[in-house]
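Accompanying notes for the structure given below.
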Amino acid sequence: MMLEDHVALVTGAGRGIGKAIALALADEGAFVVVNYNGSEARAMETVSQIQEKGGRAEAIRCNVADFAACREMVEGIISHHGRLDILVNNAGITRDNLLMKMSEEEFDAVIDTNLKGAFNCMKHISRQMIKQRSGRIINISSVSGVAGNAGQANYSASKAGIIGLTKTAAREMAARGITVNAIAPGFIRTDMTDVLSDGVKDSIMEKIPMKHFGDPEDIAQTALFLASEHAKYITGQVICVDGGMVM
Ligand code: NAI
């Protein structure tokens with residue numbers, strides 16, 4: 001198995017894309033720490049599914065927007081497992097609104113979770129990865145961060161920020177054997193996108209050359225590749241997994 005003896009932390013892994021990534025990493029032998037902030041039951045479901053297939057996992061509650069809580073989570077994992085090899089910053093939220101109508105709270109909540117959350121985990125993990133002289137950081141951005149999207153000023157800014165963070169961290173840590181890359185999903189069928197109206201879904205579909213939506217597994221397989229030895233010479237990149245939406 002490709003990730004035997006590796007320890008991975010996947011944020012927001014109780015459902016959707018994070019859950020698919022957790023399952024894919026565990027399938028290749030990684031011990032997966034399933035981070036969650038909301039439903040403990042759903043996080044435990046991810047852990048059980050991994051264990052039923054003979055994999056190893058545990059769930060840890062932590063709000064990624066909380067700097068001190070992230071430090072505690074990361075230190076806990078390192079003291080328990082002695083290492084941390086893979087970080088997937090997946091936790092994310094939307095609070096869509098037109099810029100003119102967007103409240104300060106809507107803007108701050110999205111930046112705090114999506115962008116600062118990624119910074120918090122990367123900052124606390126970087127020291128350990130530098131000590132190990134190895135590590136893989138995979139940040140989940142979005143096509144909204146690459147191309148912008150009406151109604152998502154906060155979300156697009158957070159996801160574009162993730163790309164800057166990814167490229168800077170990649171430059172800072174490349175010589176220490178650590179790769180940092182971003183995945184920019186297009187429209188993936190999850191609870192996050194289920195809430196959109198049929199009208200919105202139709203208008204998004206028009207922009208997808210492949211004419212169908214993606215599945216969490218599409219993102220999970222890309223994350224698995226970036227976490228594996230096959231991707232050892234790839235860093236600072238943004239990979240769009242979007243059926244051709246952004247070219
Ligand atoms: P989702 O809403 O199903 O899952 C997000 C997960 O993050 C949830 O489990 C949630 O509890 C967790 N989370 C939220 N705030 C958190 C916090 N403060 N601390 C810890 N966990 C927290 O969404 P989905 O679709 O699985 O999205 C996963 C990632 O992919 C997000 O970053 C999202 O922005 C991104 N993405 C999703 C796309 C899609 O079409 N579904 C497209 C582009 C990007």
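Every number for a ligand or one of its atoms is a count from 1 in the order of the listing. This structure is a prediction, so every number in the text was calculated from the model and none was measured.
Distance from atom 34 (O) of ligand 1 to its nearest protein heavy atom, with residue and atom name: Tyr155 OH, 2.5 Å. Taking atom 25 (O) of ligand 1 as the reference point, the nearest protein heavy-atom neighbour is Thr190 OG1, 2.5 Å. Looking only at protein heavy atoms, the nearest one to atom 23 (O) of ligand 1 is Met192 CB, 3.4 Å. Here the protein heavy atom with the shortest distance to atom 4 (O) of ligand 1 is Arg15 NE, 3.7 Å. Among all non-hydrogen protein atoms, the one lying nearest atom 38 (C) of ligand 1 is Gly186 O, 3.9 Å. The shortest contact between atom 40 (O) of ligand 1 and any protein heavy atom is with Ile188 N, 2.7 Å. At the top of the distance list for atom 37 (C) of ligand 1, counting protein heavy atoms only, stands Ile17 CD1, 3.7 Å. At the shortest separation from atom 22 (C) of ligand 1 among protein heavy atoms lies Ala91 CB, 3.6 Å.
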| request: Would you sort out whether Asn120 and Asp66 count as a side-chain contact (heavy atoms from CB on, under 4.5 Å), showing the intermediate values? | output: CA-CA 8 Å; Asn120 289 344; Asp66 183 332; 5.8 Å; no

* Please lay out, stage by stage, how Gln221 and Glu217 fare under the test side-chain hydrogen bond (donor to acceptor under 3.5 Å, both in side chains). => CA-CA 6 Å; Gln221 287 305 316; Glu217 187 62 18; 2.8 Å; yes

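Here the shortest heavy-atom distance to atom 32 (O) of ligand 1, taken over Val110, Asn90, Ile140, Asn63, belongs to Asn90. The residue among Gly16, Gly92, Gly145 with a heavy atom at the shortest distance from atom 5 (C) of ligand 1 is Gly92. With distances taken over non-hydrogen atoms, the option nearest atom 14 (C) of ligand 1 out of Ile93, Asp112, Asn120 is Ile93.
With Asn139 contributing its side chain and Ala182 its backbone, the two residues share no donor-acceptor pair below 3.5 Å. Judged purely by atom type and a 3.5 angstrom limit, Thr166 has no side-chain atom pairing as donor or acceptor with the backbone of Val180.
Membership of an apolar cluster is not assigned to Leu99, as no side-chain contact below 4.5 Å to another ILVMFWY residue is traced. Hydrophobic clustering, defined by side-chain heavy atoms of Ile, Leu, Val, Met, Phe, Trp and Tyr closer than 4.5 Å, leaves Tyr233 isolated from every other such residue.
Near Cys62, meaning under 4.0 Å from one of its heavy atoms, ligand 1 places the atoms 19 (N), 20 (C). Ligand-side atoms of ligand 1 in range of Asn35: 20 (C), 21 (N), range being under 4.0 angstrom from any heavy atom.
Here Arg189 pairs with Asp215 in a salt bridge; the nearest charged N to carboxylate O distance falls below 4.0 Å. A salt bridge links Asp191 to Arg42: one of the charged nitrogens lies within less than 4.0 Å of a carboxylate oxygen.
Ligand 1 has an N or O atom lying under 3.5 Å from an N or O atom of Lys159, backbone or side chain. Any N or O atom pair closer than 3.5 Å counts here, and Pro185 shares no such pair with ligand 1. Here's the thing with Thr193: none of its N/O atoms is less than 3.5 angstrom from an N/O atom of ligand 1. Of the N or O atoms in Tyr36, none lie within a sub-3.5 Å distance of an N or O in ligand 1. Among the atoms of Val143, none of the N or O lies under 3.5 angstrom from an N or O of ligand 1.
With a 4.5 Å cut-off on side-chain heavy atoms, Asn154 and Met102 count as touching.
Smallest separation of non-hydrogen atoms from Ile162 and Leu115: N-CD1, 3.6 Å.
Using the six-membered ring where Trp is involved, Phe119 and Phe67 have ring planes that are parallel, under 30° apart on the 30 and 60° scheme.
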